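In what follows, a structure is listed as structure tokens, so that the remarks can point back to it.
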Number of protein chains: 2
Amino acid sequence: MKRTLETIAYKENTEALAKFAKALGHPTRIAILKHLQSQSCCFTGDLVDVFPLAQSTVSQHLKELKNAGLIQGELKSPKIKYCINQENWKIAKSLFQDFFD
Amino acid sequence: MKRTLETIAYKENTEALAKFAKALGHPTRIAILKHLQSQSCCFTGDLVDVFPLAQSTVSQHLKELKNAGLIQGELKSPKIKYCINQENWKIAKSLFQDFFD
DNA sequence: TTTGTTTATCGCCAATAGACGATATGGTTA
DNA sequence: TAACCATATCGTCTATTGGCGATAAACAAA
């Protein structure tokens, strides 16, 4: 995991696809996204109740999904409502679609 | 990353999808698979020439793709010919397709 | 048998990931 | 202001990942 400077230059789509895939590379995050799809939106607390994980752990997974652009949060004080980021979802969808031919 | 015993039980599809996604979660592995798609098959040595990575590193990536079931190797002494595992490829494709709706 | 070719595996290291409890933050409500 | 939510962040721990060079293994050919 050296090669921190002078990283390999991949095509943009390759990097983007890998980034999305990495975010999807954990069953908890897949399950969170499935939950968001079925509920359309939900609060962090809902997820903490659903999964037998610490609140901080769930929050961490949400952060990674947010960083990857797959979800977005909206402040509904005092809670935060998370939804799928539809725009990036479409991008991810078509990247995977194209990749698999 | 504790919870080694008493792991969470996810639905089978969730686990399978996460496993495929994890394997796709590195740009080098995406690039290898793209290469295999365009060439239909190729040898380890070909990939070592294409990527500025040590032979052992490329071999490691191939191992992970093989473990995930996305590729398969066939001995063509003294080389090994790697191809997409079409059967599992279809499975992965439909898992991602279903996931993204 | 020895040599050469190709690929996998080993050992090592640094960085990242994933889990947790504890604490901080931001916004309501009393 | 003070107390109370819900959530994020911090610090710590262990496991895994990704890179490398060196070595092993498998096999063909000399």
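These values consider heavy atoms only, across backbone and side chains, with no hydrogens, waters or symmetry-generated copies. Predicted, not measured: the structure shown is a model, and the values here were computed from it.
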- Give A:K81 one of three labels, base, sugar-phosphate or nothing, depending on what nucleic acid heavy atoms sit under 4.0 Å from its own. nothing
- Query: Which part of the nucleic acid, if any, lies within contact of A:Q55, taking any heavy atom under 4.0 Å across all strands shown: a base, the sugar-phosphate backbone alone, or nothing?
  - Reply: base
- Query: Between A:I80 and B:V58, which is nearer to the 5' end of DNA chain D once each is assigned its nearest nucleotide?
  - Reply: A:I80
- Position toward the 5' end of DNA chain D (nearest nucleotide), A:S56 or A:K79: A:K79
- Query: Checking side-chain contact (heavy atoms from CB on, under 4.5 Å) for the pair A:C83/A:L36: CA distance, chi angles, key distance, verdict?
  - Reply: CA-CA 6 Å; A:C83 310; A:L36 282 179; 5.8 Å; no
- Query: Taking all atoms of both residues into account, what is the closest heavy-atom pair of B:A31 and A:T14, and its distance?
  - Reply: N-CG2, 4.2 Å
- Note on the structure: When every non-hydrogen atom of B:Q55 is compared with those of B:V48, the smallest separation belongs to CA-CG2, 3.9 Å
- Output the residues of residues 31-39 of chain A in contact with DNA chain D, where contact means a heavy atom of the residue under 4.0 Å from an atom of the strand; sort by number or write none. none
Measuring from the side chain of [X] (C-beta onward, heavy atoms only), which nucleotide among [options] has the closest atom?
X: A:P78; options: C:dT5, D:dC5, C:dA8; answer: D:dC5
X: A:K22; options: D:dG21, C:dT16, D:dT16; answer: C:dT16
X: A:F43; options: C:dG27, C:dG18, D:dT7; answer: D:dT7
X: A:T44; options: D:dC20, C:dT7, D:dA8; answer: D:dA8
X: B:T57; options: D:dT7, C:dC20, D:dC20; answer: D:dC20
X: B:A54; options: D:dT7, D:dG21, C:dA8; answer: D:dG21
X: A:R29; options: D:dT9, C:dG18, C:dC20; answer: C:dG18

Is the phosphate of [N], meaning OP1 or OP2, less than 4.0 Å from a side-chain N or O of [X]?
X: B:K76; N: C:dT6; result: no
X: A:H61; N: C:dA17; result: no
X: A:S59; N: D:dT7; result: no

- Message: Using ring centroids (six-membered ring only for Trp), state whether B:F96 and A:F100 fall under 6.0 Å.
- Response: yes
- Evaluate the ring planes of A:H26 and A:H61, with Trp represented by its six-membered ring, and classify them as parallel (under 30°), tilted (30 to 60°) or perpendicular (over 60°). tilted
Tell me the interatomic distance from [X], atom [atom1], to [N], atom [atom2], rounded to whole angstroms.
X: A:Q60; N: D:dC10; atom1: CD; atom2: P; value: 10 Å
X: B:F51; N: D:dG19; atom1: CZ; atom2: P; value: 11 Å
X: B:L53; N: C:dT7; atom1: CG; atom2: C1'; value: 16 Å
X: B:L62; N: C:dA8; atom1: CG; atom2: C1'; value: 10 Å
X: A:N67; N: C:dA17; atom1: CG; atom2: P; value: 10 Å
X: A:I8; N: D:dG18; atom1: CD1; atom2: P; value: 12 Å
X: B:E74; N: C:dT6; atom1: CD; atom2: P; value: 18 Å
X: B:I30; N: D:dG18; atom1: CD1; atom2: P; value: 12 Å

- Message: Can you tell me which residue among A:L70, A:L62, A:L24, A:L65 is in a side chain to side chain contact (heavy atoms under 4.5 Å, CB included) with A:R29?
- Response: A:L65
- Item | Check: A:W89 and A:I91 side chains under 4.5 Å, non-hydrogen atoms | no
- Report yes if the side chains of B:Y82 and B:E74 come closer than 4.5 Å at any heavy-atom pair, otherwise no. no
